[in-house]
Amino acid sequence: MVDMLLSMKRPAVTGSIFAALCVLAAAVVIGLVGVARAAPTSPNILLIVTDDQTINTLNVMPRTRRRFRLEGTQFKNAIDTTPLCCPSRASILSGRYSHNTGVKTNADAPLFNQDDSLQRYLQDTGYKTAIFGKFLNDWNLDVSPTHWDSWAIWDNGPHYSFSTSTPTVCEPEAGEVCMNENGVKKPRPSGVYETSVVASEASTFIDSTEGNDNQPWFMYLVPTTPHSPFTPETKYASAPIPSFTASPNYFEADRSDKPPYVQADSEDPATVQADRAAQLRMLMSADDMVEQVFQKLDAANETRDTLAIFMSDNSYLWGEHGLEAKPYPYTYGVKVPMLMRWPGHVAAKTVDPRFAANVDIAPTAMQIANATPPTPMDGRSLLQPSTRTRWLAERVGRNGGPPLWAQTRTNSVEYTEYYDDVTGQITFREYYDLNSDPWELTNLLGDGNPSNDPSPAEISGLSAQLASDRACTGVTCP
Ligand SMILES: [Ca+2]
Ligand SMILES: [Ca+2]
Ligand SMILES: [Ca+2]
């Protein structure tokens, strides 16, 4: 909050900041005497998480830009600590790193502890909670998620559902996409693009809460856009997209410095470009969804009383280093779009350079809701001054795909280790001097030139730091 306060100049805004601090101070006092109910003044919390949206894609989302960038703060150095769907979603909802959630792969949804989650703590504090979209990959839709007052959840899959049966029977083999809506398994509405289903569910939920302004709500909107299959909405199937500018590491010419799995990867630039085009068009529908939800909030007079966050569950490489998709420990494989707005409380038209992360979302929500988990979360509230000088990103489990890895990074150095699945031994290291090599073109530990290597002392220091961070909990985490 202090960083944001400093960036605010207008007296009117300063006044509302002061009011916000009074509310927060009052909330802290209430917390001390053990009354754990959300004050009527607690803001709503709207969390929108897209699926596989890479950074630098807001150019196709003008309404989202207006709502979140012109009227809010953009975190330009935000990351997902494990850049893969299910582990990242578990980290978002728990405020904990993958090594602490136990959700290490996309098959680990059953390991997610719903009783140690944002939705649980907010509900306990008096928030009405709702989720619409993708909860966790491979979640058994015969099982209802807990600690939600209202929900409609589904998994990755087609973005359109085409129903041929009765509305209460779900037949995936007939082209229907199944969802669990408030405990009833049924097909998603036929012929309706998925982002419109999310918007419609959100609208119904907002209507249902209008009668009780004293109860704040937490609404988690999780469209699977722009995840594969790469099917844009019909109306955007041929929509113009921004021209492509290849970054210096686009299909990196010399990958002899890279780990063996990168050197062995052979993507097709034509496929990358086709997927990029489709994903950008899919994001146009996500932009519609964002605007529809905000228009609904405007009509309900709730926009100013809502802290809203927009982000992606993980990034997605479009040919950088010759790679496509995830989960890769390179800048655009780890960084994600992340923006936050709360009129009068979070600075508008502001770019925040701090290291922000998916594990910070839950602590941020905890702070404004005056909710306290029994053990400290790993992340930090984004409304507090940040002391984070490095980030930790990690891939701690796998069922196929790239090897296990972990990365520590400052503003000037990126250091990554790869590990053997069984022994945990380090199998490869990457070190980039980000000041001279921001595009990660020359791994100084893999370029065959010993004269430019970092000192053994520096490497052992980074390695020890990484070992410590990979075992961190709560306040010991970066
Ligand atoms: Ca994802
Ligand atoms: Ca290279
Ligand atoms: Ca070297």
Side-chain angles (χ1 to χ4, degrees), residues 1-5 21 24-25 27-34 36 45 47 75 77-83 87-104 111-122 124-125 307 309 311 334 336 338 340 346 352-397 406-411 413 415 417 461-478:
M1 179 75 77
V2 167
D3 289 359
M4 293 173 181
L5 279 173
L21 289 174
L24 289 172
V28 169
V29 171
I30 290 168
L32 284 174
V33 296
I45 299 167
L47 175 57
F75 295 91
N77 288 309
I79 70 163
D80 279 325
T81 50
T82 298
S88 178
R89 284 156 194 266
S91 290
I92 289 168
L93 289 175
S94 66
R96 305 189 195 282
Y97 285 92
S98 182
H99 68 257
N100 287 331
T101 63
V103 181
K104 301 175 179 180
L111 301 177
F112 180 66
N113 182 1
Q114 296 181 84
D115 293 336
D116 179 37
S117 68
L118 181 57
Q119 59 270 32
R120 184 263 169 93
Y121 300 128
L122 288 179
D124 283 359
T125 306
L307 168 85
I309 294 170
M311 61 183 293
V334 177
V336 283
M338 184 188 290
M340 181 164 71
V346 169
D352 190 323
R354 293 180 295 166
F355 288 152
N358 53 350
V359 293
D360 297 336
I361 303 302
T364 303
M366 292 287 104
Q367 183 188 346
I368 65 165
N370 184 35
T372 308
T375 56
M377 293 175 169
D378 299 337
R380 305 284 183 268
S381 170
L382 295 168
L383 298 171
Q384 301 281 6
S386 175
T387 54
R388 189 180 281 140
T389 55
R390 64 182 185 279
W391 80 45
L392 166 69
E394 60 180 6
R395 170 168 166 78
V396 293
Q407 177 182 85
T408 183
R409 173 164 157 156
T410 66
N411 280 320
V413 166
Y415 173 72
E417 291 179 347
L462 287 166
S463 191
Q465 178 73 74
L466 201 45
S468 168
D469 288 351
R470 292 172 70 214
C472 77
T473 57
V475 296
T476 68
C477 288

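Since the model is a prediction, treat every value here as computed from it, not as a measurement.
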Exercise. S463: what forms a side chain to side chain donor-acceptor pair (under 3.5 Å) with it, not counting sequence neighbours?
Worked result: E417
For this session: Under the side chain to side chain donor-acceptor pair (under 3.5 Å) rule, collect the residues that match up with T375, sequence neighbours excluded.
Result: R96
Measure the [atom1]-[atom2] distance between [X] and [Y] for me, rounded to the nearest 0.5 Å.
X	Y	atom1	atom2	result
L122	M366	CG	CE	4.0 Å
D378	T476	CG	OG1	7.5 Å
R354	F75	CZ	CZ	5.5 Å
S88	I79	OG	CD1	9.5 Å
N411	T389	CG	OG1	9.0 Å
L392	L466	CG	CG	6.5 Å

Could you tell me if the side chain of [Y] sits less than 4.5 Å from the side chain of [X], heavy atoms only?
X	Y	answer
I92	L118	no
P87	K104	no
D116	Y121	yes
M377	V359	no
S98	R395	no

For this session: Would you sort out whether M340 and D352 count as a side chain to side chain contact (heavy atoms under 4.5 Å, CB included), showing the intermediate values?
Result: CA-CA 10 Å; M340 181 164 71; D352 190 323; over 6 Å; no
Problem set entry | Whether R380 side chain and V475 backbone form a donor-acceptor pair below 3.5 Å | yes
Problem set entry | N/O donor-acceptor pair under 3.5 Å between Q465 side chain and T408 backbone | no
Problem set entry | Any side-chain donor near an acceptor of the partner, N358 and T81, under 3.5 Å | yes
Taking all heavy atoms of [X] and all of [Y], pick out the closest pair and write down the distance.
X	Y	value
V103	L111	CG2-C, 4.2 Å
A78	M338	CB-CB, 3.5 Å
N77	P353	ND2-O, 2.9 Å
P363	G95	CD-CA, 4.1 Å
S94	T101	OG-CG2, 3.3 Å

For this session: Would you check, one step at a time, whether the test side chain to side chain contact (heavy atoms under 4.5 Å, CB included) holds for D360 with R388?
Result: CA-CA 11 Å; D360 297 336; R388 189 180 281 140; 2.8 Å; yes
Exercise. Does D124 come within less than 4.0 Å of R120, counting only side-chain N to carboxylate O?
Worked result: yes
Exercise. L47 and M311: side chain to side chain contact (heavy atoms under 4.5 Å, CB included), yes or no, with the steps?
Worked result: CA-CA 8 Å; L47 175 57; M311 61 183 293; 4.3 Å; yes
For this session: Show your reasoning for whether side chain to side chain contact (heavy atoms under 4.5 Å, CB included) applies to V396 and Y97.
Result: CA-CA 10 Å; V396 293; Y97 285 92; over 6 Å; no
